[in-house]
Structure formats: C-alpha cells, structure tokens
Amino acid sequence: MAYDLGRAVGSQQPDKPVSWTRKDIITYALGVGAKREELSLVYELDKSWGPLPTYPVVLSLKGEDSDVSLFASKLTGVVIPGLPKLDSKRVVHGSQSIEVLKDLPSESGPGWKLTSKVVGVHENKSGIIIDSESQLLDPSGIAYAKLYSSGFYLGSKANGEKFSKVIAGAPQAKPVPTDRKPDWVIREKTTPEQALIYRLSGDYNPLHIDPQVGKALGFGNVILHGLSSYGFAARGLIQAIANGDRRALRMISTRFTSPVIPGDELETQAWEIGPGPGDSTEITFITTDITTGKVVLSDGIAYVKKSEKTKL
C-alpha cells in the first residue's frame with residue numbers, strides 16, 4: 001500500500017505531563033559532566049544555583065516519572081497518521097535543539113506539560129526520519145522552551161521513494177570557518193560511569209548500560225547518550241564564553257554524527273560568527289571525540305551572551 005507521508009507533517013501528538021525536582025536538576029548536571037567546583041550547578045545552597053538551560057531535553061522520556069522506568073514503554077503506542085508502523089527498537093537520535101524562552105524554575109510543581117507535533121518527515125534508502133517540535137508549558141500555558149528533535153528509524157520503509165517535507169525547524173549553523181583557528185577550545189574527559197549517571201535523568205535505554213545490547217546493535221559496547229554529549233558541549237560553551245553564567249545560553253542546536261564510548265575525551269571547538277538575536281552572539285561549533293578522532297556533534301549553532309571577562 002502507498003503511504004501519504006505528507007499527511008503526518010503538522011500532526012499533533014498527545015500532550016505529555018512532566019515534572020522535576022531540585023534533585024533532578026542536580027542529577028542532570030552531573031550526567032553532563034558538572035565538576036565539584038561548579039557549585040552553581042550542583043549545590044542547592046549556592047547563591048547562583050539553578051538549572052542548566054538544556055535540562056528540558058530530558059523531559060520527553062522522563063515525563064512525570066520519579067523512579068526508573070522501562071524504556072520500551074516510552075516509545076510504544078505512538079501513532080502518526082500517514083506513516084507505517086515504526087520500530088522503536090531501531091531508532092537513533094538524529095538532532096536536537098532548545099531555545100530558552102524563560103528561565104526554568106528549580107522545581108516544577110504540578111501542571112507542567114510538553115506539547116509535541118510532527119514538523120518534518122523524510123524517507124531515504126536508509127530509513128525514515130521524523131522531525132518534532134515541542135514546547136514546555138507551565139500550568140498557565142506560558143512557554144518556557146521550544147525544542148526541535150529528529151528520530152532516525154533505521155531500515156524503516158514506507159513507499160521506497162525519496163521524500164522530504166518540512167514546515168519548521170531550528171536555526172541552521174553556518175559553516176565552520178576554515179581561515180582561522182577556533183575562538184574557544186573546550187576539552188573534557190567523560191568518565192566510564194558517565195552513562196550510568198546520565199540515565200538517571202530519564203533515558204533508560206539498555207544500550208547505555210548493557211554491553212550485550214550494545215554488541216547486538218553493532219556498537220561493540222555501551223555508548224554514551226547523545227544528549228549527554230550535547231549537555232557537555234552546552235556546559236562547556238557556558239563556561240568558556242559566558243564565565244559560567246547559565247542564563248547566557250539562549251539557544252543551542254546540533255546533529256549527532258558518531259557515538260561516544262563512556263570514558264572518551266571530548267573537544268568542542270567554537271567560533272564567533274557575529275551578532276545573534278537580542279544581545280547574544282552567534283556561535284558555530286563542532287565536538288570531536290579525541291579518543292576516536294570522529295566528530296560526534298556537527299552543524300552546531302548556539303546563541304550565547306558573552307561575558308565581559310571573555311577574551312578571544
């Protein structure tokens with residue numbers, strides 16, 4: 001049968017109730033590499049303590065759960081009009097962005113939700129890609145963040161023909177400058193236990209803890225969550241460009257291009273491109289796994305308000 005893939009684009013998915021506590025905020029910070037000297041991220045009594053602005057990216061899987069949950073249950077039962085049934089066991093994260101609209105409170109309380117709609121569908125010879133747009137809304141319906149993400153369903157087929165339709169998406173990164181060195185270089189080593197910590201933020205995919213699953217899926221071992229690497233990059237840019245001011249990050253977007261093994265060393269290279277929206281600066285960045293030599297985050301773009309103390 002023929003599928004009308006274009007019918008999926010614009011379809012609204014059910015709202016998802018979400019919640020978080022101060023403990024969740026600290027756990028997430030540790031999962032993306034926060035160190036003991038970064039008290040503004042890990043110590044609730046520090047005068048500058050508060051959430052990293054990228055925290056909402058975990059909520060699509062975490063939901064309202066306060067305990068560990070079964071990963072498979074998070075991806076079942078989703079029906080998208082115009083598409084064939086998609087195999088949730090064969091999906092990988094393709095891209096992620098977050099635009100910060102308001103400073104996130106350190107704990108949610110009841111009544112928060114994550115809206116979601118399909119804003120893009122692509123079919124190629126490797127599978128089907130679904131682009132989604134989400135908004136984090138407080139109990140009054142005020143938006144605190146807008147997120148875009150893509151899921152690549154490996155091997156899925158609809159009509160067997162190349163197809164692409166998109167109605168919305170994150171800002172696109174400008175090319176990495178080839179005529180000058182990066183303005184900032186942030187190098188940081190993950191720990192062998194990094195995925196064990198990050199999974200406590202709500203992504204309990206066994207791929208990130210069970211070596212047998214990693215081998216069965218062709219990775220040879222467990223791999224680090226892409227969103228942990230994403231958080232490492234965001235945290236590094238905040239430290240390097242904004243002198244640790246978490247409120248300075250207004251938007252960050254990237255593509256996931258290669259897996260990271262927990263314990264590998266990451267290097268983020270960032271270039272100032274020009275003025276961004278408002279009082280921010282537009283940044284282009286890439287993150288490389290120094291251990292393997294592969295780029296793990298590509299097409300990186302961020303809007304950051306530079307610290308006056310920052311020197312190029």
Side-chain angles (χ1 to χ4, degrees), residues 1-16 18 54 56-61 74-101 113-137 143-175 203 205 225-227 229-230 250-258 277 282 284-286 295-303:
M1 65 176 291
Y3 292 95
D4 183 4
L5 301 185
R7 191 161 69 92
V9 181
S11 62
Q12 196 80 28
Q13 298 298 299
D15 293 345
K16 174 173 289 188
V18 298
T54 50
V57 301
V58 310
L59 293 173
S60 63
L61 285 178
K74 300 292 185 177
L75 300 177
T76 56
V78 177
V79 177
I80 302 176
L83 294 182
K85 185 177 181 180
L86 300 173
D87 185 357
S88 61
K89 296 180 181 179
R90 297 282 296 169
V91 62
V92 295
H93 207 152
S95 65
Q96 181 68 56
S97 79
I98 184 168
E99 178 186 359
V100 180
L101 304 176
K113 64 182 180 181
L114 201 64
T115 66
S116 180
K117 68 178 179 180
V118 176
V119 294
V121 173
H122 318 265
E123 182 177 9
N124 58 41
K125 62 182 181 180
S126 300
I128 294 175
I129 301 171
I130 308 296
D131 302 327
S132 300
E133 176 190 280
S134 301
Q135 290 197 74
L136 176 62
L137 306 180
Y144 275 65
K146 178 183 284 188
L147 306 94
Y148 290 101
S149 64
S150 65
F152 191 5
Y153 291 83
L154 298 169
S156 292
K157 297 293 182 184
N159 299 322
E161 300 174 354
K162 191 171 183 180
F163 176 87
S164 183
K165 182 180 179 180
V166 180
I167 59 173
Q172 297 299 298
K174 294 182 175 63
D203 185 346
N205 189 336
H225 305 70
L227 285 179
S229 301
Y230 176 84
R250 309 294 169 76
M251 192 281 300
I252 182 169
S253 177
T254 193
R255 288 181 60 242
F256 302 105
T257 53
S258 186
E282 182 176 344
T284 284
F285 71 92
I286 59 171
V295 173
V296 296
L297 302 179
S298 66
D299 298 336
I301 176 174
Y303 299 144

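Values below: every heavy atom of this structure, side chains too, minus hydrogens, waters and symmetry copies.
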Min side-chain heavy-atom separation [X]-[Y] under 4.5 Å:
X    : Y    : value
H93  : S149 : yes
Y153 : I129 : no
M251 : P171 : yes
K113 : L137 : yes

Could you tell me the separation between the [atom1] atom of [X] and the [atom2] atom of [Y], rounded to the nearest 0.5 Å?
X    : Y    : atom1 : atom2 : value
S132 : Q96  : OG    : CD    : 10.0 Å
S229 : L227 : OG    : CG    : 9.0 Å
H122 : I130 : NE2   : CD1   : 8.0 Å
E161 : E123 : CD    : CD    : 8.0 Å
I128 : D87  : CD1   : CG    : 11.5 Å
D131 : S164 : CG    : OG    : 8.0 Å

I'd like to know if the side chain of [X] reaches the main chain of [Y], judged simply by a donor and an acceptor atom lying under 3.5 Å from each other, with no hydrogens or angles considered.
X    : Y    : value
T115 : S134 : no
K146 : E133 : no
S156 : L86  : no
Y230 : I252 : yes
S97  : L147 : no
S116 : Q13  : no

Query raised in the report: Hey, is CD on Q12 packed in by over 12 heavy atoms from elsewhere, all under 6.0 Å?
Result: yes
Query raised in the report: Should we say atom NZ of K117 is surrounded by more than 12 heavy atoms from elsewhere, each under 6.0 Å from it?
Result: no
Over all atoms of both residues, closest heavy-atom pair of [X] and [Y]:
X    : Y    : value
G226 : F256 : O-CE2, 3.1 Å
A8   : L83  : CB-CG, 3.9 Å
E282 : I301 : OE2-CD1, 3.7 Å
F152 : S126 : CZ-CB, 3.6 Å
L297 : T257 : N-OG1, 3.9 Å
R7   : G82  : NH2-N, 3.3 Å

Query raised in the report: Any side-chain donor-acceptor pair under 3.5 Å between S95 and S150?
Result: yes
